[in-house]
Protein chains: 2
Amino acid sequence: MPAEHACPSPSTAPPEDRPLSGTALKILDASKVLFLDHGYDGVNLDRIAAHAGVARQTVYNLFGSKEAVFRATMRHHWAAFELQEVAAGLNRDLARAEADPAAFLRRFSDTILTFVTETDQIAFIRLVVAESRRLPWIATEFYDLGKAPLVETFTACLRHMTETGALRCPDPELAAHQFLGLIQEFVIWPRVMAIGPDAMRLPPTGVVVEEAVAMFLSRYAPATS
Amino acid sequence: MPAEHACPSPSTAPPEDRPLSGTALKILDASKVLFLDHGYDGVNLDRIAAHAGVARQTVYNLFGSKEAVFRATMRHHWAAFELQEVAAGLNRDLARAEADPAAFLRRFSDTILTFVTETDQIAFIRLVVAESRRLPWIATEFYDLGKAPLVETFTACLRHMTETGALRCPDPELAAHQFLGLIQEFVIWPRVMAIGPDAMRLPPTGVVVEEAVAMFLSRYAPATS
DNA sequence: GGCCGACTAGACTGGACAGTGCAGCCCAAA
DNA sequence: TTTGGGCTGCACTGTCCAGTCTAGTCGGCC
């Protein structure tokens, strides 16, 4: 780490947004797999280069340092999120949601559940937790690019449903986090902690979602029902 | 790691349960602080020895390897939990709880909240997440010695309150996890992820607990109230 | 005094790994 | 055909660190 304290690094600045050559993409794909599987310290640039089918020197030519590769890998991953699409999907559901909040909550659960599994979120969360002390920007970016938009969209939906009378949430943001907590306690954190589902016999996901919806609505469904 | 695959290491076996000399305790205290602050890879035995005011060779004499020091540190930490005391406290509350489930839930929340802050659980969870891939025993032990007893005691309380009619939980274990999820989403995970409370403006803990209690009871309070 | 066990101090080995330098190769464009 | 850029392969440096070895100190105990 030559320039550790040389550059202030504004923590959210996008210093490198070149188009990314094909070779660079090969490297990022390889490093994503390896970093997710083994963590930052568990991977060296020899392995990344070999896995990408590229000379190690090329990695240095394109990225300059191991940390830069790691950073680029994270950005590249997050850039592929297409959270707008998720948000659009949620908003599209909103019309029907006013008639049936339970169905909306179920659909939202499905959305985040597939998002989590399809984008390796478990491994990414593990990486964020493991490296956030050394590389503080990683936690900030993860939150800003990953979780915050999801929570905000969901909050907006809850607020809208409250305004139309389908729900009664005095504090939609708190309610959003509560609902997420009801799901994640069963689905995310045991996996992040690598506690086998065998150790803590968990109910199937369908039950978790149904129970979360039931609890949420028993608190926030409008009184007149 | 000389004997990596030599010994099957039954993953929960307690290989070393000597009384622990004063020097060993000094080393464990030092290594606990350092491992919590910097992670496994972020600490070398020179630092541990220096911090303990002891020669590096002494560390090897007493523990044999870095991983053994780490393991002993974890065990020593977990052995100090005195979870029985917590459980006893909960059970003592149970008599009053039948009259006032809300008060019981508040007291339970306080218990786990002080437990979490007083025993550095945040840093420990981070360590577990970071190292659980390399050292799988760490997750198992953390769960068996830390979380499982708490969940079981809480579950037993909920079941008992259901039997006496103070509550109506068809599945007390699921309900216990739900309540924990409602609290931890706000109090534990943001800190584990090192997302500053500034980034995701969180409600104060008191509000979190009150809202969790309210939601829990609106779902599980007996119908006749 | 002599023995012993706990601890110390420091040198040393061996391996892993980030990062650099450089000569050369391939290929496309001029 | 020449030139230049992207890539390769390899050798090399410097550093960090786990783990070992050894000679020596200190205090208690017989």
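Scope of the values below: all heavy atoms of this structure, side chains included, with no hydrogens, waters or symmetry mates. Every chain is numbered from 1, with letters handed out A, B, ... down the list of sequences.
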Which nucleotide, [options], lies nearest any side-chain atom of [X]?
X	options	value
A/Tyr60	C/dT20, D/dC7, C/dA9	C/dT20
B/Lys66	D/dG19, D/dT8, C/dC7	D/dG19
A/Ala55	C/dA9, C/dG19, D/dT8	D/dT8
A/Ser65	D/dG19, C/dG19, C/dT8	C/dG19

Donor-acceptor under 3.5 Å ([X] side chain, [Y] main chain):
X	Y	value
A/Asp120	A/Ala123	no
B/Arg106	B/Val209	no
A/Arg126	A/Val192	yes

*Kindly assign one of parallel, tilted or perpendicular to the pair A/Phe70 and A/Phe35, based on the angle between their ring planes and the thresholds 30° and 60°.*
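Aromatic pair A/Phe70/A/Phe35 classed perpendicular.
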*Angle class for the B/Trp137/B/Trp78 ring planes (parallel below 30°, perpendicular above 60°, tilted otherwise)?*
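It falls in the perpendicular class, over 60°.
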Nearest-angstrom distance from the residue atom [atom1] of [X] to [atom2] of [N]:
X	N	atom1	atom2	value
B/Asn61	D/dC21	CG	P	12 Å
B/Gln57	C/dA6	CD	P	14 Å
A/Leu62	C/dA18	CG	C1'	17 Å
B/Lys26	C/dT8	NZ	C1'	12 Å
A/Asp41	C/dC17	CG	C1'	11 Å
A/Tyr40	C/dC17	OH	P	13 Å

*Would you call B/Glu173 and B/Arg159 a salt bridge, taking side-chain N to carboxylate O under 4.0 Å as the test?*
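Answer for the salt bridge query: no.
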_Helical bend (five base pairs per end, nearest 10°) for the helix from C/dG1-D/dC30 to C/dA30-D/dT1_ =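 Both end axes considered, the difference amounts to 10°.
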*Apply side chain to side chain donor-acceptor pair (under 3.5 Å) to the pair A/Arg47 and A/His38, showing each step before the final yes or no.*
CA-CA 11 Å; A/Arg47 274 178 85 185; A/His38 307 286; 3.1 Å; yes
*May I ask you to check whether B/Phe124 and B/Phe142 place their ring centers less than 6.0 Å from one another?*
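That pair fails the under 6.0 Å test.
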*Looking at every strand, decide which applies to A/Val43 at a 4.0 Å heavy-atom threshold: base, sugar-phosphate, or nothing.*
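If one applies the 4.0 Å heavy-atom cut-off, A/Val43 turns out to touch the sugar-phosphate alone, with no base involved.
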*Nucleic acid contacts of residues 44-51 of chain B, taken as heavy-atom distances under 4.0 Å to DNA chain D*: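 Within residues 44-51 of chain B, the residues near DNA chain D are B/Asn44, B/Leu45.
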*Checking A/Lys66 against A/Tyr40: charged group under 6.0 Å from the ring centre and within 45 degrees of the axis?*
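Positive - A/Lys66 is close enough to the ring of A/Tyr40 and near enough to its axis.
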*B/Arg56 or B/Gly22, whichever maps to the more 5' nucleotide of DNA chain C*: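 Nearest nucleotide further toward 5': that of B/Gly22.
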